[in-house]
Amino acid sequence: MGAARWDGIIAAYREFLPIRPDTPAVTLNEGNTPLIPAPAVAREVGPNVEVFLKFEGLNPTGSFKDRGMTMAVTKAVEEGSNAVMCASTGNTSASAAAYAARAGMSCIVIIPDGNIALGKLAQALMHGAKVFAVAGNFDDALRIVREVTAQFKITLVNSINPYRLQGQKTGAFEICDVLGDVPDYHFIPVGNAGNITAYWMGYKEYHSMGLVQRLPKMMGFQAEGAAPIVRGHVVEKPETLATAIRIGNPASWKLAEAARDESGGVIDMVSDEEIVAAYQFLAQQEGVFCEPASAASVAGLLKYARAGYFSKHHATSVGGYASGAKLRIVCVLTGHGLKDPKNAIEFSPKPISVPATVDAILEHVTLERR
Ligand code: AN7
C-alpha cells in the first residue's frame with residue numbers, strides 16, 4: 001500500500017461542513033496530521049495507559065489554525081470578499097496570511113508588539129500580509145479587528161468567524177477515524193478557547209451520527225498567568241512565555257465552559273515551569289518538537305496524573321481501566337516548535353564553541369574506541 005492522496009479537510013469532510021458541493025476549496029492540503037504514540041508520556045501517567053499526540057504542528061503553516069483557515073477563506077471567496085483581517089498571538093496571522101496569498105486576497109493582521117514568536121512573524125511578513133504591531137495585547141488587537149470588520153468590507157477570520165470552528169472540528173473526526181473510537185480524555189491548550197469548542201463540536205457530531213458510541217472528557221489547560229476561565233474573571237494583563245495563549249478575555253469563553261461541563265472534564269491551569277518541563281520532555285523523550293503553548297496539554301496531563309486524577313476518576317468509569325481496556329488519552333500539540341526558536345534555544349543546553357579539531361570534540365564527550 002502506497003501513500004494515499006490527501007486533498008485537505010474540505011475534500012475529506014465536505015458533507016460535514018457548511019459549504020456548497022460546487023464551491024472550490026482554498027486549500028494547502030491541511031489536516032491528516034499524525035496521531036503519534038507517546039510511550040514516554042504514557043509511562044509517566046501510569047500502567048495500562050496509551051497516550052497519543054495529535055501533532056497539529058505538521059499542518060502547512062505549522063499549526064492547527066490551517067483547518068479553520070481553509071474554511072474561513074473558502075467561505076470568504078464564496079461570499080465575494082477580497083480581503084481578510086485578524087488579530088493574532090501569531091499562528092492565526094501566519095495561517096491567514098498564507099491562505100489569503102493562496103486565494104489572491106489581501107490580508108491585514110494585528111499582533112501584540114513584541115509578544116509573538118519569531119517564526120510566526122516571519123510567516124505573516126513573508127506571505128505578504130500588512131502587519132500592524134499594536135502597543136497592547138491580543139485582547140486589544142481583537143477589539144480593533146471587531147470594530148474595523150463591523151464597519152468596513154473586510155472578512156474577520158478570527159475564531160468568532162463560525163467557519164473557523166467548523167474547519168477545526170475535523171481534528172476530532174480524524175482522531176475518531178484513526179482510533180475507531182473517541183479517546184477517554186482529550187487534553188488541549190486553551191487560549192481564545194476556539195479549539196476546545198471545535199473539538200467538542202466534532203466529537204458530538206460524530207456521536208450524534210452514530211459514528212462513535214461515547215464522548216471523551218475535555219481537559220483544557222490555560223497558562224497560570226493567562227487563566228481567565230479558571231479564575232472566573234478577565235485577566236487585564238495576561239503574562240506567560242507561551243505567547244500563543246497569552247489571552248485575558250477569550251472569545252469562546254462560554255462555549256469552552258459548556259464543552260467542559262457537558263463532557264465532565266475540566267479547564268485548569270499550568271505554570272510556565274510546568275509548560276517548559278513538558279516542552280523539554282516531549283522534545284527529549286519523544287522526539288517531538290512543539291511550541292511552548294502546545295506543551296500545555298501535556299503539562300496538564302502530567303500534572304493531573306501525578307495528582308492521582310486517573311486512579312480517582314477513571315477507575316470506576318465505564319469501558320476503561322476497570323474493565324481491563326487501556327485508558328486512551330489524546331493530547332493535541334497545536335503548533336510546531338520551529339515557530340519559536342528563541343524559547344527553544346533558551347531552554348536547551350548551549351552549543352559548545354571549540355576549535356575545528358577532533359581533540360577539541362573529544363575533550364567534551366566520552367566515546368568508546370572501535
Ligand atoms: C499553538 O494565533 O489565538 O484556544 O491568535 O497558537 O483556540 O485560541 C492562537 C492560539 C493553542 C489556543 N496553541 O487555541 C492566535 C491564537 C497554539 C496557538 C492556542 C493557540 P484557542
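Remember, it's 1-based here, ligands and their atoms both numbered in the order they're listed. Quick note: numbers below take in every heavy atom, side chains included, and nothing from hydrogens, waters or symmetry partners. Fair warning: this is a prediction, and the values are worked out from it, not measured in the lab.
Checked for salt-bridge contact, K65 and E30 miss the test: no charged N lies under 4.0 Å from a carboxylate O.
Side-chain atoms of T27 never come within 3.5 Å of backbone atoms of G8 as a donor-acceptor pair (strictly under, hydrogens ignored).
Close approach to V190 involves these atoms of ligand 1, each under 4.0 Å from a residue heavy atom: 4 (O). Within ligand 1, the atoms closer than 4.0 Å to a non-hydrogen atom of F138 are 5 (O), numbered from 1 in the order shown. Atoms of ligand 1 found under 4.0 Å from any heavy atom of E291, numbered from 1 in the order shown, are 1 (C). Taking a cut-off of under 4.0 Å to the non-hydrogen atoms of I247, the atoms of ligand 1 that pass are 3 (O). Listed by number with element, the atoms of ligand 1 under 4.0 angstrom from any heavy atom of I245 are 11 (C), 12 (C), 19 (C). Atoms of ligand 1 found under 4.0 Å from any heavy atom of A193 (numbered from 1 in listed order, with element): 4 (O), 8 (O), 21 (P). Here is the list of ligand 1 atoms found below 4.0 Å of a heavy atom in T89: 2 (O), 3 (O), 5 (O), 9 (C), 15 (C), 16 (C). Atom numbering of ligand 1 starts at 1 in the shown order; those under 4.0 Å from a heavy atom of G194 are 4 (O), 7 (O), 21 (P).
Between N91 and ligand 1, an N or O atom pair is found at a separation short of 3.5 Å. Considering both main-chain and side-chain atoms, T92 comes within under 3.5 Å of ligand 1 through a nitrogen or oxygen pair. No N or O atom of S294 sits closer than 3.5 Å to an N or O atom of ligand 1. At least one N or O atom of N192 sits closer than 3.5 Å to an N or O atom of ligand 1. Between S88 and ligand 1, at least one N/O pair is under 3.5 Å apart.
Remark: aromatic rings of Y185 and F310 are close, center separation under 6.0 Å. In this structure, F187 has its ring center no closer than 6.0 Å to that of F52.
Every heavy atom of Q168 sits 4.0 Å or more from the atoms of ligand 1. Not a single heavy atom of S63 sits closer than 4.0 Å to an atom of ligand 1.
In terms of protein heavy-atom proximity, atom 11 (C) of ligand 1 is closest to T334 OG1, 3.5 Å.
With no hydrogens or angles considered, no side-chain donor-acceptor pair links R246 and T240 at under 3.5 Å.
Paired with Y206 under the rule side chain to side chain contact (heavy atoms under 4.5 Å, CB included), one option of D177, L215, I175, V182 passes, and it is D177.
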